[in-house]
Each structure stands twice: as C-alpha cells, then as structure tokens.
Amino acid sequence: MTVVTRFAPSPTGFLHIGGARTALFNWLYARHTGGKFLLRIEDTDRARSTQTAVDAILDGLSWLGLQWGGDVLYQFQRAGRHAEVAHQMLAAGKAYHCYASPQELDEMREAQKRAGVPIRYDGRWRDRNPADAPPGVAPVIRLKAPHGGQTVIQDAVQGTVTVENAVLDDMILLRADGTPTYMLAVVVDDCDMGVTHVIRGDDHLNNAFRQLQIIRAMGWPEPVYAHIPLIHGTDGAKLSKRHGALGVDAYRDMGFLPAALRNYLLRLGWGHGDDEIISTAQAIDWFDLAGVGRSPSRFDAMKLTNLNAHYLREAPDAELLPLVLPRLEKKLGREVDAVGRTRLERGLNGVKQRSHTLVELADKLVFYAGHGAPAIADDKARAQLTPDSKALLMRLAASLDGVADWTDKPLEDAVRRFAEAENVKLGQVAQPLRVALSGSTASPGIFEVLAILGADETRTRLLAAGG
RNA sequence: GUCCCCAUCGUCUAGAGGCCUAGGACACCAGCCUUUCACGUUGGUAACACGGGUUCGAAUCCCGUUGGGGACGCCA
C-alpha cells in the first residue's frame, strides 16, 4: 500500500511554525515511505479565507522546500461532493435534519454551563417527527452518532485512546446553507484523496473520534492517525497566529536558512538518539512516527539560531551570495559594484564563520561592499582611535607602501615587523587597524581583511582614520 | 464544568525494568587556543513533579495527587 499523507491548512493567516512542522512531518513521512505528500487548502469558511493567506502558505512551503505532489486541492470546490455524502447519510438513516436555530443552541449551551453539565447538543431533533419541522426554517444535517459503547483509536503517536460515545454529540455535517462543515469535508476529502496517514496537531485528537464515526457510517477505510503534540510558546501556551507565532516568512526575513529551520523543527518533538545536526537526506532516511514524542515542546529561538549558524558555515559561498546581496544593497542604498562583489566573494567565507543569520552576515559584510571609511560600529570601536593610535596608523600606512606582494602572508610579516619596530604588541596595532578598515573591533583575521581590501582601499581607509 | 492528552537539567531531548553515579545538544560559567570576534577544545553548574504500589531491582510498569496543555462552534 502506498502511503499518502497530506497537509491541510486553512487559509486564514500565514503559515506559522506549528503548521510548518506538521507539514514537515507529513512530507518526511511520505518521502521516507516512498509515498505521496498532498496539499489541501481548507477554505470552506468563506468569510475568513483569503487569497493572501493561500499565497503565504504556498510561498512558505516552497521556501521550506516541502514540495507537494500534484495540484493543490481547494476544499470549497468540492462542496457539492460533500453535500452529496451528507444526503447519502441522510438517506441511509445515518443522519437527520435538525431545525434548532443558532440562538436556541446558544441558550441550550448557556443552560448546560449554568447547570454544570457537559456542553453538547442534546439531540432534540434526533428522533423527532420531521412533520414537526417549523415552516420556513432551513435545517442542518446532523450525524446520528452511536449512543452506547466507546470509540477507540490506535494512534501512531498517542497510543490507544478511548472515548465514551456518550460524550460525543450529534455534530453538524451540512450547514443550513448547504455548505459542509469541517468534520464532514475533512473525512470526505481524505477518503477521496486516498489519504492513508493523517498526521496533524493533537488539538485534533478529539475530532478524530467524530471523524471516525462518519467514516464508519459510510463504511470507508480508516486512516492511520498520528496526532503530534503542539508547539508551545515560552509561556507554555499553545502557539497560534493569535499567540506569539510568527509566519515562516518572518524567519526568512530574520535571516534563517530553510535547512536550519527544517532541522530545528524536526528535533522539536522527534528524536533519533543523540543526533542533533540532521541533514534532510538523513531525516528522510530516519524519520518515523514511532520517534515522535508525546509531550508538547517549547519554541527555543537560541537553539534555532545555533543551528542556523551551523548551516551558514556549511553553506557554499555561491549559494549564500545571492541571499545576502539584496540585503547589502538595501544597506548601501545602491548596487554593489564589481570591485565590491569581488571582495565579497573573497571575504564571504571568513565572515560566514562568524555569523548566526543572514542579517548578521550582511551587517558584517557591508564594510567589504562599500568604499572609503566604514561607519564606526560602536563606542568600543571608536575608543580604539586615540590620537596615539591614529598616529600609529599613519606610520603603518607609510610602512605598508613598501609591501610589493599584497597577500596575507607578506602583509602579516610587514605588520608584525612594524609592531616590533614600534615596540608595541601586535594587538596594539591590529585593533586600531581593524577599526579603521572594518569599523568594528570584531572582524575576520586582519591580514585577510587587508589582503581582500587591497592596497589602495587600505591606504584610503588608513588615511581617513588617521587624519 | 466535562472529556482527552502530557510530565527527565532553564529549553530540546536520550532512556523500551538491571547497561543510570541519568547521556547528548542549546543556553550559562571557567580554562585553553588567539591579532579581535567567532570556530574548536577541556572542564563545570543543572533534571527523573509528588505519594503509593508491583518487582530481588523502577526514570522506565500500575494507581492516585499535583501541575501543564488541548478539545467542547451552522471555525478549521
């Protein structure tokens, strides 16, 4: 049997980190088993669904590298099919019309709340004669759920979960306006799409029992359920669009790499021994449902950042350059010219070793991209440029004029000899020099910076700082 | 309120009854390396929520307590 998984977000907002992980797990499981990963947009709530949100979700998944198979299925377009199933159930006596008005049901729930009894539909139209139907009221169709016994789910993550049927009420399948509810639509679509494994957040665990009742009423094959624990914010509460969650686009803007986010998300709720750095290929090979933990986890930006720094260091320069270039040009307010580009190509490796995000990478790279004296980063850097050190830099500029081979090693020799001649420690020359060239007290190796900037640019910056 | 789920360092986790004096990673602290910052490396602080069982033996199994989370819509 070919495994079919799906990710089924509702387009009411961006793709947040929890949804991204759900998508990742579904994608990984499909890839691991050689199955298919499908995408379905649950847009049956016409009032809240937007095209902007659909685009954000599609963009987010693409950026994350989670390619879905086939066309995107839009749930609303299948409303006819959903209604058809509801009517089949009606005809088969598995469902019934309910004429209770929304206000009436609100009152019912209020009364239940006051009485301290479970809040659920009381089945007032379940066995009532249809002849009692009030005139002019469009009914909803409700599932005639089994009364006795219990419903049991063998969840691939949660294990055996049992619920008494008595606590499950007769949910609405088809609204008064003839549109399907989520419960019906999910089940019909999963069945028609041939979904074999439903991997989703465990906020859906309770829904699974209701969905199973529909599936059984229709006599359809039951999927394997895998309800993965939710991701919580640092306060321990469910992460949602309304509560602290950011869209994956926000992480892209913050300079995180898709590979890092995938690795981080994978480790949130799933483990494979002591492994931490897990490539996507490795993840596909290793991923299984049995390794998914059962307790909720909290989002830890520090760990993501650490992982991102790792993937940044590992990434080929050619891959990174196009990603930082736009950020650099935004900083400079102009295009990076050919000279700047060459320096970036040579300097990228040294800087990426020292960066955690693309944002940081761009910050630390900007001195290579521009011309003339760099902006001084902070007071610590400014403090390096004393009258004494400025004078020293002027003498250094003169001394460096004699360097014929403007590369790392000869430059290092020259600077060391200069320090010796001045009778100061190397650091006493290196730090002011670093600030003069890069604008900061922290940079790649100073001789590398010297070499990449070139003799002319170095001289320009030295004179600017010394004068 | 009712139902469901969960519980190992601050965080993510390893742990399938003896391999546990509880391992790894992030973060934090100290040392080394060093032209700065990183990287790297060495060491350190830090956890089985509590109470009962079962067992020769429990972080691991059972029950309860406490705590946390989720769900109870003509939302998805």
Side-chain angles (χ1 to χ4, degrees), chain A residues 8-12 42-45 47-49 75 98 100-102 105-106 109 112-121 138-142 155 157-159 161-164 166-169 171-177 179-183 185-186 201-209 227 229-230 232 234 236-238 264 267-277 293-307 309-310 313 350-356 364 384 412 415-416 419 425-431 433-435 438 440-447:
Chain A
S10 61
T12 54
E42 310 222 317
D43 55 353
T44 52
D45 184 344
R48 293 202 296 158
S49 297
Q75 191 161 59
C98 168
S101 68
L105 294 173
D106 278 348
R109 279 188 283 265
Q112 288 169 336
K113 205 170 178 178
R114 276 196 304 274
V117 299
I119 298 164
R120 61 182 74 117
Y121 175 67
V140 300
I141 295 180
R142 283 183 185 272
D155 193 279
V157 170
Q158 305 290 342
V161 187
T162 305
V163 143
E164 296 297 324
V167 309
L168 270 16
D169 61 5
M171 71 195 141
I172 293 175
L173 266 17
L174 207 63
R175 298 184 189 112
D177 65 2
T179 59
T181 60
Y182 161 77
M183 290 292 177
V186 164
D202 79 11
D203 49 340
H204 286 282
L205 185 55
N206 291 281
N207 294 333
F209 294 95
H227 288 94
L230 301 176
H232 290 170
T234 28
K238 174 182 175 179
Y264 177 70
R267 286 287 292 108
L268 217 49
W270 181 86
H272 185 272
D274 285 341
D275 296 300
E276 297 287 347
I277 305 286
R294 262 171 302 189
S295 52
S297 44
R298 300 185 187 208
F299 189 81
D300 180 5
M302 292 297 258
K303 192 147 184 172
L304 204 211
T305 302
N306 174 273
L307 237 20
H310 170 84
R313 284 194 295 271
V351 175
K352 79 183 180 190
Q353 306 297 336
R354 296 166 166 78
S355 305
H356 295 88
K364 293 183 171 174
Q384 284 294 334
E412 175 164 358
V415 175
R416 283 188 189 277
K425 283 199 259 182
L426 180 59
Q428 290 174 272
V429 182
Q431 280 309 80
L433 176 59
R434 192 186 309 282
V435 171
S438 76
S440 166
T441 51
S443 83
I446 192 63
F447 309 118

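Order of the sequence lines sets the chain letters (A, B, ...), proteins ahead of strands, with each chain counted from 1. Excluded from the calculations below are hydrogen atoms, water molecules and symmetry mates; all remaining heavy atoms, backbone and side chain alike, are included.
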ring-ring contact (aromatic ring centres under 6.0 Å, His included) partners for Phe447(A), two or more places apart: none
Which residues pass the side-chain contact (heavy atoms from CB on, under 4.5 Å) test with Leu173(A), not counting sequence neighbours? Met89(A), Ala95(A), Ile141(A), Leu143(A), Met171(A), Leu184(A), Ile214(A)
Does OP1 or OP2 of rU13(B) have a side-chain N or O of Ser297(A) closer than 4.0 Å? yes
Can you tell me how far P in rA59(B) sits from the matching atom in rA22(B), rounded to whole Å? 11 Å
Using a cut-off of 4.0 Å on non-hydrogen atoms, how would the nucleic acid contact of Thr44(A) be classed: base, sugar-phosphate, or nothing? sugar-phosphate
If you compare every side-chain N and O of Thr12(A) against the phosphate oxygens of rC75(B) (OP1, OP2), does one of them come in below 4.0 Å? no
Just to verify, what does Arg109(A) make a salt bridge (charged side-chain N to carboxylate O under 4.0 Å, His left out) with, not counting sequence neighbours? Asp106(A)
Arg416(A) side-chain N/O to rU35(B) phosphate OP1/OP2 under 4.0 Å: yes
Tell me every residue that passes ring-ring contact (aromatic ring centres under 6.0 Å, His included) with His204(A), counting only those two or more places apart in sequence or in another chain. Tyr182(A)
Ala100(A) near the nucleic acid: base, sugar-phosphate alone, or nothing, with a heavy-atom cut-off under 4.0 Å? base
Between rC26(B) atom P and Leu307(A) atom CG, what is the distance in whole Å? 10 Å
With both distances under 3.5 Å as the test, what is the Watson-Crick or G-U wobble partner of rC28(B)? rG44(B)
Sequence-distant partners of Asp300(A), salt bridge (charged side-chain N to carboxylate O under 4.0 Å, His left out), two or more places apart: none
Side chain to side chain donor-acceptor pair (under 3.5 Å) against Arg175(A), all qualifying residues, sequence neighbours excluded: Thr179(A)
Result for 5'-nearest mapping on RNA chain B, choosing between Arg120(A) and Glu42(A), is Arg120(A)
So, using salt bridge (charged side-chain N to carboxylate O under 4.0 Å, His left out) as the criterion, who are the partners of Glu412(A) when residues are at least two apart? Arg416(A)
Roughly how far apart, to the nearest Å, are rA71(B) and rC75(B) at atom C1'? 13 Å
Residues forming a salt bridge (charged side-chain N to carboxylate O under 4.0 Å, His left out) with Arg434(A), sequence neighbours excluded: none
Could you run down the sub-3.5 Å N/O contacts of the protein with nucleotides 7-10 of chain B?
none

When you match Leu304(A) and Gln431(A) each to their closest nucleotide on RNA chain B, which lands nearer the 5' end? Leu304(A)
Is there a donor N/O on one and an acceptor N/O on the other, under 3.5 Å, for the side chain of Lys303(A) and the base of rA27(B)? no
Ser101(A): what forms a side-chain contact (heavy atoms from CB on, under 4.5 Å) with it, not counting sequence neighbours? Gln103(A), Glu104(A)
Please list, for nucleotides 69-71 of chain B, all pairs of protein and nucleotide N/O atoms separated by less than 3.5 Å.
from: rG69(B); atom 1: O2'; to: His232(A); atom 2: NE2; distance (Å): 3.1
from: rG70(B); atom 1: OP1; to: Lys238(A); atom 2: N; distance (Å): 3.2
from: rG70(B); atom 1: N2; to: Asn206(A); atom 2: ND2; distance (Å): 3.4
from: rA71(B); atom 1: OP1; to: Lys238(A); atom 2: NZ; distance (Å): 2.8
from: rA71(B); atom 1: O4'; to: Asn206(A); atom 2: ND2; distance (Å): 3.4

Show me the protein contacts with nucleotides 38-46 of chain B, counting only N or O atoms at under 3.5 Å.
from: rA38(B); atom 1: O2'; to: Gln353(A); atom 2: O; distance (Å): 3.0

